[in-house]
Amino acid sequence: MTHKEILATVDHTLLAQTATWEEIKKICDDGAKYHTASVCIPPCYVKQAKEYIGNTVKVCTVIGFPNGNSTTESKVFETKNAIENGADEIDMVINIGALKDKNYDLVRSEISAVKEVCGQRVLKVIIETCLLTEEEKIKMCQLVTEAGADFIKTSTGFSKAGATFEDVALFAKHVGPDVKIKAAGGISSFADAEEFLRLGASRLGTSRLVKIENS
């Protein structure tokens, strides 16, 4: 794959707590320059970013981020607010504690509730693989499929580890036919990016590939 083809699958991401508007503008500029799939930015910058870049590149934001343990009602409100501000895509974090409690109805219904608000907009579900057992990862493939989300996503990038080849391969075996895969967290080379795509990912969450291309 060419670098251009790989960059077209990238959600060019800046979610650091210290992110300033000038830094977000640079993310938007680079996303437009390299024709990335989207720019993934904090909710507080969505309105500004949308006004700044219009439809040049899609704006993605995060919900219940990074811990996932806010209430369903909070996540639904965050999603509505993000969409009102111009978000094109939503990446939500699951309630990891509920999953570990085997409260599968809550996990599933929460994803469904957020997807209902998203409508035709893309919803990616972050399950934070580094905190889960293999059994829990497989269960989340099932729940994300049943809830009607568009993507299952490996990681926030804010926990103990990010995406692994093994997890993406596992997802590819267990998600439903309508669920795509996003690998995110720690993707630091075009070679690794290409391997994630070969294993079944169709979207990548990273900022490093654009930086490499810029260097």
Please lay out, stage by stage, how Ser159 and Thr156 fare under the test side chain to side chain donor-acceptor pair (under 3.5 Å). CA-CA 7 Å; Ser159 191; Thr156 63; 5.8 Å; no
Can Thr79 and Met92 be said to form a side chain to side chain contact (heavy atoms under 4.5 Å, CB included), step by step? CA-CA 9 Å; Thr79 304; Met92 69 167 283; 6.0 Å; no
In this structure, would [X] and [Y] fall into the same cluster of hydrophobic residues linked by side-chain contacts under 4.5 Å?
X: Leu204; Y: Phe171; value: yes
X: Ile90; Y: Ile152; value: yes
X: Val168; Y: Val125; value: yes
X: Phe151; Y: Ile127; value: no
X: Leu131; Y: Tyr104; value: yes

Reported [atom1]-to-[atom2] distance for the pair [X] and [Y], which is rounded to 0.5 angstrom:
X: Leu143; Y: Ile138; atom1: CG; atom2: CD1; answer: 12.0 Å
X: Trp21; Y: Lys26; atom1: CH2; atom2: NZ; answer: 14.0 Å
X: Ile212; Y: Ser188; atom1: CD1; atom2: OG; answer: 7.0 Å
X: Leu99; Y: Ile96; atom1: CG; atom2: CD1; answer: 8.0 Å
X: Asn55; Y: Asp88; atom1: CG; atom2: CG; answer: 7.0 Å
X: Glu213; Y: Lys211; atom1: CD; atom2: NZ; answer: 14.5 Å

Do [X] and [Y] make a side-chain contact, defined as non-hydrogen atoms from C-beta onward lying under 4.5 Å apart?
X: Val93; Y: Pro66; value: no
X: Ile111; Y: Glu146; value: no
X: His12; Y: Asp30; value: yes
X: Arg203; Y: Glu89; value: yes

[X] versus [Y], closest heavy-atom pair with distance:
X: Lys33; Y: Asn214; result: NZ-OD1, 3.6 Å
X: Lys100; Y: Leu132; result: NZ-CA, 4.1 Å
X: Val59; Y: Lys50; result: CG2-CD, 4.0 Å
X: Phe196; Y: Ile187; result: CE1-CG1, 3.7 Å
X: Pro42; Y: Leu15; result: N-CD2, 3.6 Å
X: Asp91; Y: Ile126; result: CB-CD1, 4.0 Å

When you measure from the side chain of [X] to the backbone N and O of [Y], does any donor-acceptor pair fall under 3.5 Å?
X: Asp150; Y: Leu123; value: yes
X: Lys115; Y: Arg121; value: yes
X: Thr154; Y: Ala184; value: yes
X: Tyr45; Y: Ala19; value: yes
X: Thr13; Y: Ser207; value: no
X: Glu194; Y: Met1; value: yes
X: Thr61; Y: Ile41; value: yes

Is the closest basic N to carboxylate O distance between [X] and [Y] below 4.0 Å?
X: Asp29; Y: Lys25; answer: no
X: Asp105; Y: Arg108; answer: yes
X: Lys139; Y: Glu136; answer: no

List the steps and the verdict of side chain to side chain contact (heavy atoms under 4.5 Å, CB included) for Thr129 and Thr164. CA-CA 9 Å; Thr129 46; Thr164 67; 5.9 Å; no
Just wondering, are more than 12 heavy atoms of other shown residues or ligands nearer than 6.0 Å to [atom1] in [X]?
X: Glu23; atom1: CD; value: yes
X: Glu116; atom1: CD; value: no
X: Glu135; atom1: CD; value: no
X: Phe165; atom1: CZ; value: yes

Under the criterion salt bridge (charged side-chain N to carboxylate O under 4.0 Å, His left out), I'd like the reasoning laid out for Glu134 against Lys137: C-alpha separation, chi angles, the key distance, then a yes or no. CA-CA 5 Å; Glu134 182 168 318; Lys137 294 170 195 176; over 6 Å; no
Give me the ring orientation class for Phe158 and Phe65: parallel if the planes are under 30° apart, tilted from 30 to 60°, perpendicular past 60°.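 Perpendicular, since the angle between the ring planes exceeds 60°.
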Taking it one step at a time, do Leu7 and Lys4 satisfy side chain to side chain contact (heavy atoms under 4.5 Å, CB included)? CA-CA 5 Å; Leu7 287 167; Lys4 182 178 180 181; 5.8 Å; no
My understanding is that only one of Lys124, Lys58, Lys153 makes a side chain to side chain donor-acceptor pair (under 3.5 Å) with Asp11; could you say which?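 Exactly one candidate clears the test, Lys124.
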